[in-house]
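These notes concern the structure reproduced below.
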Amino acid sequence: MLNRIDDYIFEVPIGHQKGMRVPGRIFISERLLEQVESGTLDQVANVATLPGIVNYSMAMPDAHLGYGFPIGGVAAFREDGGVISPGGVGFDINCGVRMLRTDLLAEDVAPMMTNLVEDLFHDVPSGVGAKGRLRVSEHELDEAFTRGAAWAVEAGFGVPEDLEHCEEGGRMEGAKPDQVSLKARKRGRPQLGTLGSGNHFLEIQRVDEIFDDDLAKRFGLFRGQITVMIHCGSRGAGHQICTDHLQVLSRAVKKYGIELPDKQLACAPLGTPEAENYFGAMAAAANYAWANRQIISAWTREVFERYFPDARLDLVYDVAHNVAKVEEHEVDGSRERLYVHRKGATRAFGPGRPEIPMAYREAGQPVIIPGSMGTPSYVLCGSAGAMRLTFGSACHGAGRIMSRTQAKKTYAGAEVKDVLTRRGIKVMATHPKMLAEEAPEVYKPSFEVVDVVHHLDIARKVAKVVPLGVSKG
DNA sequence: ATGTCC
């Protein structure tokens, strides 16, 4: 059913599904491909039927079943004749990850690890319905929706340099807070500055391995260094925004006479009010998520400064894993403005792109790929292959291989915690069952997906970091 | 991911 194009590129032919406008392309190893469910391949084919799709419906090596679009899906649509779809972004709009580098050595931090994790767990609220330490006003909430991390910095969370080291400067243009429902506002207001649940985490790590000395130096990373990773998204606000606009776009499908193989692909033609309103609301959720990670970073710095008053915690970079953006790409030899949907995929721009901060522009964009609890995370660097093959995109991590329900039956939270403790990893969570659901064994290891994008020169391996202390919902 | 079904 699949055509092999290359060692790591497989094609879903146009015949796979009625109405496909372009083929599908999966960037994956043969070994990983064996583990991809047939439903995921069908979803890649379904996305290929959407109007205005450019080149291919793409999937990254960590692809798995999602709502409409696969998680690990990348799809770009031309401005003229294309569509925008909430399914191509996901419910957790701008779920993303940022990495802070310290000037501390693992051996110096080790004695304080318990204190640090306990304080982080206490000072950064987490859990499903977590409400924050913050009491933002309606006006401040609007500021977060409109100006994201830029507002957070002005409000005293972090420094202006942080913004340079965020995708989009931590603030997406075009946000429309008036397209955020009262319900989404009500959910979002008390949750600003909270971590959330599931695979979201706040982690203290040690740089364990450097793959590329020059790139590591540019990113300010060295072996034995302490880093901090923050993985979270737009909480209930983004979820509600997605839910609200899916309803609107389901009606738009009929109104504009779009034929879909799956209702979950609800979308609207670019330029219509429905499409513009979703885009504006999505941008508001993305900004909320950037503000959220910015606030959490400030509290993380406060905790470290308690024990290491002179420590520096500089932002390496902050990437979005779930977002749709307008970007220029080369299509058939000419530059075109495209709406690039990334769902469980990271932007991975190669050297020279103006979107990359000056400090990294010659090298390429830092690509941050979190591991699951207790497993390594990776830093890569966007490369030329991404611009040629994937509209400047790479994988985002490793997908689950066991359902939450099955995980709870198979593992006991307390035991998972014991095993991690014996491996020298201090873990705190709001509930033991969360630890069972997030046991390291329920996820595919990240290194396999990372190796695929490295081999394709989509993103080059720079560093591997291992967890030392984890705070989870 | 998510007030894990209004």
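Since the model is a prediction, treat every value here as computed from it, not as a measurement. So that the names make sense, note that chain A is the first sequence line, chain B the second, and so on, each numbered from 1.
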task: With heavy atoms under 4.0 Å as the rule, sort A:E437 into base, sugar-phosphate or nothing.
output: nothing
message: Does any part of the side chain of A:S250, heavy atoms only, come nearer than 4.5 Å to the side chain of A:K263, both counted from C-beta?
response: no
field: Sequence-distant partners of A:I296, side-chain contact (heavy atoms from CB on, under 4.5 Å), two or more places apart
entry: A:V124, A:L195, A:L202, A:I230, A:C232, A:N292, A:T300
task: Give A:G198 one of three labels, base, sugar-phosphate or nothing, depending on what nucleic acid heavy atoms sit under 4.0 Å from its own.
output: sugar-phosphate
query: What residues in residues 235-248 of chain A put a non-hydrogen atom under 4.0 Å from any atom of DNA chain B?
result: A:R235, A:G236, A:H239
Those residues that, when tested against A:Y339, pass ring pair (Phe, Tyr, Trp, His ring centres under 6.0 Å) (two or more places apart): A:F279
Which residues share a salt bridge (Lys or Arg N to Asp or Glu O under 4.0 Å) with A:R185, sequence neighbours left out: A:E138, A:D142
Atom pairs and distances, donor-acceptor, side-chain atoms in residues 172-180 of chain A, under 3.5 Å, two or more places apart:
residue, atom, partner, partner atom, Å
A:K176, NZ, A:N277, OD1, 3.3

Sequence-distant partners of A:V22, side-chain contact (heavy atoms from CB on, under 4.5 Å), two or more places apart: A:A48, A:I53
Closest-nucleotide ordering on DNA chain B, the 5'-leading residue of A:K433 and A:E438: A:E438
For atom NE2 of A:H231 and atom C1' of B:dT2, their distance in whole Å: 14 Å
message: Within the 4.0 Å heavy-atom criterion, would you say A:K186 contacts the bases, only the backbone, or no part of the nucleic acid?
response: nothing
